[in-house]
Amino acid sequence: MPPFLKYDKRLRAAVLVSGGGSNLQALLNAQKSGLLKSAEISLTVSSSADAYALKRAAEAGVKTYVLQEEDYLNNGFFNKTGYSANLLSILAKNQIQIVVLAGFLVILGEPLLSAYKNKIINVHPSLIPSFCGDGFYGLYVHEAALKKGVKITGATVHFVNDVTDGGEILMQKAVDVKQGDTPETLQRRVMEEAEWVILPQALEALCASLILQKKDL
Ligand code: GRF
């Protein structure tokens with residue numbers, strides 16, 4: 001898409017992944033079904049070369065890039081600034097306007113967060129502010145929900161800022177906890193009934209509103 005067409009009908013989105021990519025698949029399916037019409041998934045960046053999400057992207061014809069988290073680990077210390085700066089360069093080179101974290105496990109920082117302020121969204125597998133923040137990811141979230149005995153959980157799509165899972169909430173969807181649920185069965189239900197539904201919806205709503213407002217993207 002020509003870069004000068006700033007306000008055409010679809011924004012260029014990058015989806016950041018680390019693992020299975022089921023949320024990426026939900027976005028790809030939404031694009032194919034026409035639900036996602038204000039964004040095009042132009043790039044997938046994975047923090048792991050082994051992520052099955054890369055296969056999903058390739059099968060959909062989406063350009064992929066691997067920026068390995070382990071390449072920025074020195075003696076157990078993660079170089080967040082270095083990783084974020086290189087990621088920003090990749091996104092800029094691909095004229096990316098919106099960033100979606102979909103099962104992405106790397107904590108991002110400056111200069112990326114300022115460059116894409118209110119243009120990075122994340123899907124978290126709980127109803128924030130419950131069971132979120134440092135250490136709450138993947139199955140750990142559902143283990144904590146079951147341990148607490150909540151009867152309702154769900155998923156949240158929120159803006160990404162410098163506080164883990166701390167950005168403004170865009171959308172949430174509740175899911176019942178069922179008798180006998182394990183972390184695995186609960187995770188599956190939250191993904192199927194909540195994450196895979198609200199992530200495409202939230203991305204479409206955000207991009208449609210940005211286009212409508214003709215915000216300087
Ligand atoms: C899952 O735990 C999901 O709840 C969370 O990230 C993990 C992997 O998601 N959002 P995905 O299948 O890689 O999208």
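In each ligand, atom 1 is the first atom listed, and ligand 1 is the first ligand listed.
- In Gln187, the part holding a heavy atom less than 4.0 Å from any atom of ligand 1 is the side chain.
- Using a 4.0 Å cut-off between charged side-chain N and carboxylate O, Glu59 and Lys55 make a salt bridge.
- In the vicinity of Pro125, heavy-atom distances shorter than 4.0 Å reach the ligand 1 atoms 4 (O).
- Regarding atom 9 (O) of ligand 1, its nearest protein heavy-atom neighbour is Asn23 ND2, 3.7 Å.
- Under the 4.0 angstrom criterion for non-hydrogen atoms, Val123 is in contact with ligand 1.
- Counted within 6.0 Å of CZ on Phe159, heavy atoms from surrounding residues, nucleotides or ligands total more than 12; the atom is thus considered enclosed.
- Listed by chain and residue number, nothing satisfies the side chain to side chain donor-acceptor pair (under 3.5 Å) test with Asn161 (two or more places apart in sequence, or in another chain).
- Among all non-hydrogen protein atoms, the one lying nearest atom 12 (O) of ligand 1 is Ser22 OG, 2.6 Å.
- Scanning the protein heavy atoms around atom 13 (O) of ligand 1, the nearest turns out to be Gly21 N, 2.8 Å.
- By the 30° and 60° cut-offs, the orientation of the rings of Tyr72 relative to Phe78 is perpendicular.
- Panel note: side chain Thr185, backbone Asp181; no donor-acceptor pair is recorded below 3.5 Å.
- Applying the 4.0 Å criterion to heavy atoms of Gly138 picks out, from ligand 1, the atoms 2 (O).
- Not close to ligand 1: Ala53, with no non-hydrogen atom less than 4.0 angstrom away.
- Regarding atom 3 (C) of ligand 1, its nearest protein heavy-atom neighbour is Glu195 OE1, 3.2 Å.
- Proximity of a side-chain donor or acceptor of Arg56 to a complementary backbone N or O of Gly20 within less than 3.5 Å is detected.
- Considering only non-hydrogen protein atoms, atom 8 (C) of ligand 1 sits nearest to Gly103 CA, 4.1 Å.
- Listed by chain and residue number, nothing satisfies the ring-ring contact (aromatic ring centres under 6.0 Å, His included) test with Tyr52 (two or more places apart in sequence, or in another chain).
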